[in-house]
Trainee: 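Please read through the structure below; I'll follow up with questions.
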Amino acid sequence: MPELAEVDFFRKRWNPGLGHKIERVFLHENSGVFKTSDPKLIARHLTGAMLLSSEAAAKQMLFRVSSDGWLGIHLGMTGELAVQPAGYAPRKHDHLVLVQKKQSLVFSDFRMFGRVQFSVGPTAPDWWSDIAPPVLSKLFTIGAVAVFLLRRARAPIKAVLLMQERFPGIGNWMADEILWRAAIHPKRLAGSLTAGEIESLHRETRWVADHALRIIGAAKTDTFPDPPKTWLFRHRWENGGKCPKTGALLVRETIGGRTTCWSPARQKLR
DNA sequence: TCCTATGTTGTATG
DNA sequence: ACATACAACATAGG
């Protein structure tokens, strides 16, 4: 599920726990989500610590914990964060539960493509500071995009948009949304885009990220809302779905190993 | 039974 | 060394 905006939505679900002590920690020690970290160390360090703050970058979340603890969570394909009332009994797919006096903070992920990372130290660990600059930052320039597309010249633009080292936080649905708005066919080779198309791609990447963060990421609702029907998002999965801009039939096909939806009426190959 | 799934990574190939 | 393509990871639901 989670891309840029959904990750930020889930991050905020743990807000009620910020500034509060972690009384106990529950985790599945041999869960796949701890592949790159030591669950025993995590449990030992978090127990009795204070949950200080949180932030999101790309598809990662970072939770600062007292005594220089850095807790990172990646939601993978099916990960979620939730708050449960005090006394919550962990369930089968709950991999990490921070038990506090007033609530439990739960990370669950049934497919286990998610990851928990943990480091101790005065400065941010590499797995956090190495994340590429946000697409909404000043560092995400048209020039930087152009250079990257040239280096990936022979790959379809759809696949290139999914590369986190230049498009952090962009996932399958956002990539399709961006290409649809920029009127670029997903199969076009990255190196074949004109200067004007690169400019559109850059602009629409920022537009989609900005609006997704405002609609989904900033939602105060229980579950995150879908974007409006004017977005491709709302039509990409329905059979016989129509392009909200042209009314023409949408098409779905696997490109770059991922199901891709586009509107042939406005996204031409040539 | 077979296919799909809003993600990443290791490995083979060019 | 570098870029690209694709299987694999694990599970549920149609």
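Only this structure's heavy atoms are used, side chains among them; waters, hydrogens and symmetry mates stay out.
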Trainee: What is the separation between atom CG on A:Leu162 and atom P on C:dT4, rounded to the nearest whole Å?
Mentor: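 About 14 Å, once rounded to whole Å.
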Trainee: Between A:Phe10 (CZ) and B:dG7 (P), how many Å, whole number?
Mentor: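 Checked: the CZ to P distance equals 13 Å.
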Trainee: Could you give the CD-to-P distance, from A:Glu165 to C:dC2, as a whole number of Å?
Mentor: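 A:Glu165 atom CD is separated from C:dC2 atom P by 12 Å.
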Trainee: Using 4.0 Å as the upper bound for N to carboxylate O, is an ion pair formed by A:Glu80 and A:Arg13?
Mentor: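 Salt bridge flag = yes for A:Glu80 with A:Arg13.
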Trainee: Is A:Ala153 touching bases, backbone alone, or none of the nucleic acid, heavy atoms closer than 4.0 Å?
Mentor: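 Since only primed, P, OP1 and OP2 atoms lie under 4.0 Å of A:Ala153, the category is sugar-phosphate.
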Trainee: Between A:Lys158 (NZ) and C:dA5 (P), how many Å, whole number?
Mentor: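 After rounding, the reported distance stands at 14 Å.
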Trainee: Does a side-chain heavy-atom distance below 4.5 Å link A:Ile216 with A:Asp226?
Mentor: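 No. Closest side-chain heavy atoms not under 4.5 Å.
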Trainee: Can you identify which nucleotide, out of C:dA5, C:dA10, B:dG7, has its nearest atom closest to the A:Ala155 side chain?
Mentor: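 So the nucleotide nearest the side chain must be C:dA5.
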Trainee: For B:dG7, take OP1 and OP2 only and decide whether either is under 4.0 Å from a side-chain N or O of A:Arg111.
Mentor: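 Answer no for this pair, as no side-chain N or O of A:Arg111 is under 4.0 Å from OP1 or OP2.
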Trainee: Measure CE/A:Met112 against P/B:dT9 and give the value in whole Å, please.
Mentor: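 Whole-Å distance recorded here is 17 Å.
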Trainee: If C:dC6 has a Watson-Crick or G-U wobble mate with both distances under 3.5 Å, name it; if not, just say none.
Mentor: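 Across any shown strand, C:dC6 pairs with B:dG10.
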Trainee: Decide, applying a 5.5 Å centre-distance limit and a 30° plane-angle limit (both strict), whether A:Phe113 stacks on C:dC9.
Mentor: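 Stack criterion met.
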Trainee: Rounded to whole Å, how long is the line connecting atom CZ of A:Phe148 with atom C1' of C:dA3?
Mentor: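 Roughly 11 Å, once rounded to whole Å.
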Trainee: Does OP1 or OP2 of C:dA10 have a side-chain N or O of A:His93 closer than 4.0 Å?
Mentor: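 Indeed not, no polar side-chain atom of A:His93 lies that close.
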Trainee: Please report the interatomic distance NZ(A:Lys187) to CG(A:Leu269), rounded to the nearest 0.5 Å.
Mentor: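 Answer rounded to 0.5 Å: 6.5 Å.
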Trainee: Nearest to the A:Pro156 side chain among B:dT8, C:dA5, C:dA10, which nucleotide is it?
Mentor: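 In terms of side-chain proximity for A:Pro156, the closest of B:dT8, C:dA5, C:dA10 is C:dA5.
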Trainee: Go through C:dT4, B:dT8, C:dA3 for me and flag the one nearest to the A:Arg154 side chain.
Mentor: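 Closest nucleotide among those given: C:dT4.
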Trainee: Using a cut-off of less than 4.0 Å, is there contact between a side-chain N or O of A:Gln164 and OP1 or OP2 of B:dT8?
Mentor: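 Yes.
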Trainee: If I take atom CZ in residue A:Arg115 and atom P in nucleotide C:dA10, what distance separates them, rounded to the nearest angstrom?
Mentor: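 Taking CZ of A:Arg115 and P of C:dA10, I get 9 Å after rounding.
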Trainee: Evaluate whether atom NZ of A:Lys245 has more than 12 neighbouring non-hydrogen atoms of other residues, nucleotides or ligands under 6.0 angstrom away.
Mentor: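 Yes, NZ of A:Lys245 has more than 12 neighbouring heavy atoms, counting only those of other groups under 6.0 Å.
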Trainee: Hey, what do you get for OG (A:Ser263) to CG (A:Leu249), rounding to the nearest 0.5 Å?
Mentor: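 Going from the OG atom of A:Ser263 to the CG atom of A:Leu249 covers 9.0 Å.
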Trainee: Need one value for A:Gly257: base, sugar-phosphate or nothing, where a base atom within 4.0 Å counts as base even if backbone is also close, heavy atoms only.
Mentor: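 No contact at all - A:Gly257 keeps every heavy atom at 4.0 Å or more from the nucleic acid.
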Trainee: Measuring to OP1 and OP2 of C:dT4, would you say a side-chain N or O of A:Arg152 lies under 4.0 angstrom away?
Mentor: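 Answer is yes, contact under 4.0 Å.
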Trainee: Looking at side-chain heavy atoms only, is the closest gap between A:Phe10 and A:Phe224 below 4.5 Å?
Mentor: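 Yes. Closest side-chain heavy atoms under 4.5 Å.
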Trainee: Suppose you measure atom P in C:dA10 against the same atom in B:dT11; what distance do you get, rounded to whole Å?
Mentor: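 15 Å, rounded to whole Å.
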Trainee: Does B:dG7 have OP1 or OP2 sitting under 4.0 Å from an N or O in the side chain of A:His74?
Mentor: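 For B:dG7, OP1/OP2 do not have a side-chain N/O of A:His74 under 4.0 Å.
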Trainee: When we call it a touch if two heavy atoms are under 4.0 Å apart, what does A:Lys92 touch: a base, just sugar-phosphate, or nothing?
Mentor: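 Sugar-phosphate contact only - A:Lys92 comes under 4.0 Å of backbone atoms but never of a base.
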Trainee: What is the separation between atom CD on A:Gln117 and atom C1' on B:dT9, rounded to the nearest whole Å?
Mentor: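 To the nearest whole Å, that distance equals 13 Å.
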Trainee: Would you mind classifying the nucleic acid contact of A:Met77 as base, sugar-phosphate or nothing, using non-hydrogen atoms under 4.0 angstrom?
Mentor: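 A:Met77: base contact, heavy atoms under 4.0 Å.
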Trainee: Indicate whether OP1 or OP2 belonging to C:dA3 is found under 4.0 Å from a side-chain N or O atom of A:Arg151.
Mentor: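 Yes, within the criterion.
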